[in-house]
2 protein chains.
Amino acid sequence: MARFEKVPDIVIGRLPVYLRALTRLASEGQEITSSQQLGKMLGVSSAQIRKDLSYFGEFGKQGMGYNIAHLQEQLSAILKVDREWEVVVVGAGPLAEALIREDPFAGKGFRIVALFDSRPERIGQRLAGMEILDSAQLPEVVRQRGLKVAILAVPAAEAQQVADTLVAAGIKAILSYASTTLSVPPEVRLQYNDAAAQLQRMAYYLQ
Amino acid sequence: MARFEKVPDIVIGRLPVYLRALTRLASEGQEITSSQQLGKMLGVSSAQIRKDLSYFGEFGKQGMGYNIAHLQEQLSAILKVDREWEVVVVGAGPLAEALIREDPFAGKGFRIVALFDSRPERIGQRLAGMEILDSAQLPEVVRQRGLKVAILAVPAAEAQQVADTLVAAGIKAILSYASTTLSVPPEVRLQYNDAAAQLQRMAYYLQ
DNA sequence: CCATCTTTGTCAATACTTGCACAAAAGCCT
DNA sequence: AGGCTTTTGTGCAAGTATTGACAAAGATGG
Ligand SMILES: NC(=O)c1ccc[n+]([C@@H]2O[C@H](COP(=O)([O-])OP(=O)(O)OC[C@H]3O[C@@H](n4cnc5c(N)ncnc54)[C@H](O)[C@@H]3O)[C@@H](O)[C@H]2O)c1
Ligand SMILES: NC(=O)c1ccc[n+]([C@@H]2O[C@H](COP(=O)([O-])OP(=O)(O)OC[C@H]3O[C@@H](n4cnc5c(N)ncnc54)[C@H](O)[C@@H]3O)[C@@H](O)[C@H]2O)c1
């Protein structure tokens, strides 16, 4: 397939899902898989998996399937997570504490390197070993370190204002835990991590 | 539009997004909105919003737009979150603590009513005011209270086994924070809350 | 009370996404 | 070595989703 056409965003959105499935298979000691096995795991058709991968190249062997470690490497490179992006977290509350303690990004291409809060009594304290910095310093730190990725963990009422500051400082991707709609310029990527919305989506099918 | 045809899941997935936007408008004191304003907020076309709503009925007034409070009520009823679903959380770690402390589901149709862990030293302790129960008791409690919704906040290695227990106990919707692919029967809804996957999706567009 | 303006709900056209089906490639087994 | 089996990558058809366009409904203002 032509490697130059624009890849649909919906395809990009599935690559991390494939990566997650491959991680599980690898952790179970498997070395080879097939589009059929992956499809069954994920509840999608094998054709979709092959088609998605074909946007980027040929990664399998006919008759054999895919080498799991190799496919992980390739997908990581495609998603640009074969490196470590430095991430800033804004809002040093319980959610930030869980994120820093657990580090769910370890080995996934991201590392939390700075934590900010605006409450004077929190500044200078430590949260799960990480120093809480004054959010007045945020633009300076983001610019100096060239940070591109931010996690928003402030109350909903503060979120838009903090997002504006992040964008002005040069952040290009924001993951927001605040359960409010945000506006950012089109060149900045925005994702909402909204557990309530996820539950609501499932509630429709209950009963 | 015919009210009897099956509504596409992708439409259901957008309803919580609309609800979130309406909440923001309401919090800003607005009483009326239009498909155009909502579309601009959310970065989608106004036609899409009107079409999505038309699956369920007519909620606006021509020339005027939509009454925000009324539309919120209607969407809540459609999503079946005009009531309070009781939710069980499994895994009493820092993430569960953040969830219970912050209660991001308040007023959104869900309430956390039980918290389980398997580590003997955690059982009987309290987490953010909520008693930690023995996960051996989980099936009994879920069945007795008729719980349908669960949040999975255990390490990835335990997640599948806990999911199996939840399903066997009668749970019909699972929100999993564990970053591993799970298998559940088709009648059980499953959503992943995977922050790493969300960041990976955005990373593709960086640079 | 009428003209003008706004905005809905819906149809039809366009655009996008998925899945079928199959040739080709590659391993396996006798 | 050759036939059998498996599984990929992809063209194409079928199926879904999105958008443009507009009639109809309702508000607004003189
Ligand atoms: N706790 C969860 O599990 C969970 C889950 C989903 C979403 N959320 C949402 O994530 C956000 C954070 O959750 P939390 O439990 O940590 O909330 P929190 O309110 O306890 O903590 C937020 C922190 O942000 C700080 N803050 C406020 N305004 C700020 C600003 N302008 N600049 C910098 N820092 C600022 C506060 O001082 C506080 O320390 C909330 O919006 C919450 O609704 C939380
Ligand atoms: N912390 C975060 O912000 C965050 C974000 C995204 C995802 N996650 C994921 O969410 C999960 C929970 O995060 P955490 O930080 O609370 O993890 P954690 O490992 O600190 O806590 C998990 C808790 O689950 C309990 N547990 C283990 N096995 C169990 C079982 N079979 N039955 C019942 N309880 C069991 C453990 O005793 C522990 O108390 C992890 O999978 C983590 O990767 C966390």
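Chain identifiers are assigned alphabetically (A, B, ...) following the order of the sequence lines, protein sequences preceding nucleic acid strands; residue numbering begins at 1 within each chain.
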Would you say A:Arg14 reaches C:dT18's phosphate, i.e. side-chain N/O to OP1/OP2 under 4.0 Å?
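Checking A:Arg14 against C:dT18: at least one side-chain N or O falls below 4.0 Å of OP1 or OP2.
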| request: Check whether any side-chain nitrogen or oxygen of B:Ser35 sits under 4.0 Å from OP1 or OP2 of C:dT8, and answer yes or no. | output: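 For C:dT8, OP1/OP2 do have a side-chain N/O of B:Ser35 under 4.0 Å.
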Check: [X]/[Y] side-chain N/O donor and acceptor closer than 3.5 Å:
X        : Y        : result
A:Thr181 : B:Arg24  : no
A:Asp164 : A:Gln160 : yes
A:Arg50  : A:Ser54  : no

Quiz item: For the residue pair B:Ala21 and B:Leu42, what are the closest heavy atoms and their distance?
Solution: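 Shortest heavy-atom separation between B:Ala21 and B:Leu42 comes out as CB-CD2, 4.0 Å.
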Rounded to whole angstrom units, what separation is found between the [atom1] atom of [X] and the [atom2] atom of [N]?
X       : N      : atom1 : atom2 : answer
B:Tyr66 : D:dG26 : OH    : C1'   : 14 Å
B:Lys51 : C:dA12 : NZ    : P     : 12 Å
A:Ile10 : C:dG19 : CD1   : P     : 11 Å
A:Ile49 : C:dC20 : CD1   : P     : 14 Å
B:Gln37 : C:dT6  : CD    : P     : 15 Å
A:Gln74 : D:dG9  : CD    : C1'   : 16 Å
A:Arg50 : C:dA24 : CZ    : P     : 16 Å
A:Phe56 : D:dT8  : CZ    : P     : 17 Å

Taking the six-membered ring of A:Tyr204 as reference, does the cationic atom of B:Lys80 (NZ for Lys, CZ for Arg) lie under 6.0 Å from its centre and within 45° of its axis?
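Yes, a cation-pi geometry holds between B:Lys80 and A:Tyr204.
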Taking the minimum atom-to-atom distance to the side chain of [X], which one of [options] wins?
X       : options               : answer
A:Gln48 : D:dT8, C:dG19, C:dG9  : C:dG19
A:Gln36 : D:dG9, C:dG9, D:dT7   : D:dT7
A:Ser45 : D:dT8, D:dT19, C:dG19 : C:dG19

Hey, does A:Leu53 reach any base, or is it just sugar-phosphate, or nothing, if we go heavy atoms under 4.0 Å?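 No contact at all - A:Leu53 keeps every heavy atom at 4.0 Å or more from the nucleic acid.
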Quick check: on DNA chain C, is the nucleotide nearest A:Met64 upstream (toward 5') of the one nearest A:Pro8, or the reverse? Name the residue that is more 5'.
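It is A:Pro8, whose closest nucleotide lies nearer the 5' terminus.
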Between A:Lys61 and A:Asp52, which is nearer to the 5' end of DNA chain C once each is assigned its nearest nucleotide?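 Closest to the 5' end, via its nearest nucleotide, is A:Asp52.
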Practice task
Give a yes or no on whether a donor-acceptor pair under 3.5 Å exists between the nucleobase atoms of C:dT7, that is its base, and the side chain of B:Gln62.
Solution key: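 Not at all, since no donor on one side and acceptor on the other fall under 3.5 Å apart.
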